[in-house]
Novice: 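Take this structure, written in structure tokens, and hold onto it; I'll ask about it next.
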2 protein chains.
Amino acid sequence: MSKARLTVIDIAKAAGVSKSTVSLVLQGSPLVKEATRSKVNATMRELGYVYNRGAANLRQASARSGIIGVVVNDLTNSFFAELAVGVDTVVQSAGFVQFLSNTSENTDRQREVVASMREHGISGLIVSPARATDAADFKPLVASGIPVVVVVRSLPGARMSSIVSDNVGGVAMAVKHLVSLGHSRIAFLGGFPDTAVFAERRSGYRKAMDESGLKFDEELVVPSIPSRAGGVEAIGRAMTISDRPTGAVCFNDAVAFGVCDGLRARRMEPGRDFAVVGFDDVIEAKTAVPALTTISVDPQAMGRRAAHLLLKQINAGKADAENIIAAVRLVVRQSCGTGQSKPEGKLG
Amino acid sequence: MSKARLTVIDIAKAAGVSKSTVSLVLQGSPLVKEATRSKVNATMRELGYVYNRGAANLRQASARSGIIGVVVNDLTNSFFAELAVGVDTVVQSAGFVQFLSNTSENTDRQREVVASMREHGISGLIVSPARATDAADFKPLVASGIPVVVVVRSLPGARMSSIVSDNVGGVAMAVKHLVSLGHSRIAFLGGFPDTAVFAERRSGYRKAMDESGLKFDEELVVPSIPSRAGGVEAIGRAMTISDRPTGAVCFNDAVAFGVCDGLRARRMEPGRDFAVVGFDDVIEAKTAVPALTTISVDPQAMGRRAAHLLLKQINAGKADAENIIAAVRLVVRQSCGTGQSKPEGKLG
DNA sequence: TCAATAAATTGGAACGTTCTAAATTGCAAC
DNA sequence: GTTGCAATTTAGAACGTTCCAATTTATTGA
């Protein structure tokens, strides 16, 4: 059907110039005369020329390949989708193309995907690592001089730039908010206990409890799968404790929604009978009933920031690792009530 | 820092064979002796060789580039994220790599992204077009022999394969479900009225009303932005109608959740005081309270199917356009109640 | 042992671009 | 008219792979 691919030589012939000139035009070089440039451009449009980036990358350093790889661990989680969108906006406006892949928390697939991106000559990589990723997996990549920015989950041991949100500060903020509303039995619900993020958030919980002069009770931290279903389960277990909590800060918003579901199943209304705080501020947090009080991390902003950092490193040629802790803020909505009356009086 | 790139020639030298042999090994050719193959593989591992796919694509037909482009119109909508994940699973297991990009409903960006993918020599493209996409935008692509599969939204006028869900059948099913529960004033809420999908779903609504012997009342279809906020707004307007509806089928699940929010704001409990049906069956539909009765389109399955179709076309070299309507099913949960008592008695 | 064949390997020419260094052109000043 | 210098343009050698045709090596059958 389609004839042989059009090359720069075909364009050159048709426009009556040399292939070098066409190449110069392609690169927007100031060396070529305006008249020539427009003539060449016209011929390209006319004949329907398609640039072959693969051939170009053969000559140019891969820093100019124009592809930014983005690898996320769970695309079905809207947090990561938002993150990718944030990266995309700045990457696109810098004239790069985003190459997004999903690992579904599978380290083998992550290896494949990263290898594949490397083969395609990416200019840089932004990665939210799968659980249990070995930092050494990225060693050869950074050794070969390709900038890498790690987001969301840090990979201790590797000399790579990273951006993670302020997990300890965020949870501490949430706990203190509940304390200010009069709560003293505060649970920490959800999350996989073997992850760095969990450890950080838990330590923020402990820190804030200590600083508020409240007793840290191991019973009050109940891990679970960090999902809505996990939240239902976690609140279930939390309610079996003899000295029941009156509020909880949750590992993330999904867990928090699950906790709300679980409370309703027990005929308790979240925000009135029990205070719940989430973490992430996913889009639904605003519109849920009750609207969720949560720690906002703004995944899009995080993505944009990661992209800027990566672009900086790409342009600098070689940059030293930079580790950023993204600030986080408490968004007060309805899920903790007004704190007017004593929460104890509402239980039962 | 890093020395010059390792090439197939370096490996050849180190392993004591010719570059051609190394190339053969790379391609898994049966022509090379087992002993040689393992020797070469060992050297590659040892020296840390990275395959340069760009150079390879220069020689091979782009059908072998191994990249599948996926373009979606809104990555922040989990429906499309799920779709992409579905595509990814089959694409990966076929040894291809997915190249996902987001257009955010912007046709200009869509053009850029598609052009960029073309430059990178994709083997095929799966696209969920941005609103108001001109089918002609894809003409040059298909003319050049690259297989394209359109998903979710059809592009009338173009000779491309497509997979869309059974919009008219789905909504009709939902309406008849409500009718069987005793409802007769049924609204159709949400959606942009200028889209093909809206037209199809609306026509399914009308068809089912007619077939059930119920009066089609223009007042009962109230469009809105297809989001949670849009749902709140739509139910608000629907409740101002003199002869109020007692149930609604919604443009999608997001709208349905918004409708639930709006009902609660009016002190009505969805599933008890008003029946609501969604469309899409997003993950939250199962765990929401009340669990949402909805039309399930299984985006992952749709993605897998699109990927299979695309791979078939890639392998066939040239395939004629195939248009698939993906079956859809009604998932009954709690948001329509049991239908035991007359819904009219519950209003007020 | 020697053909005859099969199996395995190989050199060199592509592929479509960029880059370097050199050649050509234009133009102002002599 | 030259000359000099800047502005444009260009030929040809890369880049790292695959493919073709040809060569070398192993295996078989007499």
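No hydrogens, no waters, no symmetry mates; every other heavy atom, side chains included, goes into these values. Numbers restart at 1 for each chain; the letters A, B, ... are given by sequence-line order, proteins then strands.
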Novice: Any side-chain donor-acceptor pair under 3.5 Å between A:Q110 and A:T133?
Specialist: yes

Novice: What orientation do A:H120 and A:F99 show, parallel under 30°, tilted 30 to 60°, or perpendicular over 60°?
Specialist: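 A:H120 and A:F99: tilted rings.
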
Novice: Return the value, rounded to whole Å, for the distance between atom CG of B:L31 and atom P of D:dC20.
Specialist: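 Roughly 12 Å, once rounded to whole Å.
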
Novice: Quick one: A:K13 NZ to D:dT10 P, roughly how many Å, whole number?
Specialist: 14 Å

Novice: Would you give the length of the straight line joining atom CG of B:L125 to atom CE of B:M117, rounded to the nearest 0.5 angstrom?
Specialist: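 Output value for this atom pair is 6.5 Å.
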
Novice: Find out whether A:F80 and A:V85 are in side-chain contact, i.e. whether some heavy atom of one side chain is under 4.5 Å from a heavy atom of the other.
Specialist: no

Novice: Can you give me the bend angle of the helix from C:dT1-D:dA30 to C:dC30-D:dG1? Use the axis through the first five pairs and the one through the last five, nearest 10 degrees.
Specialist: 40°

Novice: Working to the nearest 0.5 Å, report the span between OG1 of A:T43 and CG of A:N41.
Specialist: 8.0 Å

Novice: Determine whether the side chains of B:S20 and B:S23 contain a donor N or O and an acceptor N or O closer than 3.5 Å.
Specialist: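 No donor-acceptor contact under 3.5 Å links the two side chains.
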
Novice: Do A:S38 and A:E34 have side-chain N/O donor and acceptor atoms under 3.5 Å apart?
Specialist: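 There is no such pair (donor and acceptor under 3.5 Å, judged by atom type) between the side chains of A:S38 and A:E34.
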
Novice: Each nucleotide in nucleotides 14-27 of chain C should get exactly one letter: B, S or -. Can you fill that in based on protein heavy atoms under 4.0 Å?
Specialist: BBBBBB--------

Novice: Tell me which one of A:T195, A:N73, A:V164 satisfies side-chain contact (heavy atoms from CB on, under 4.5 Å) with A:R153.
Specialist: A:N73

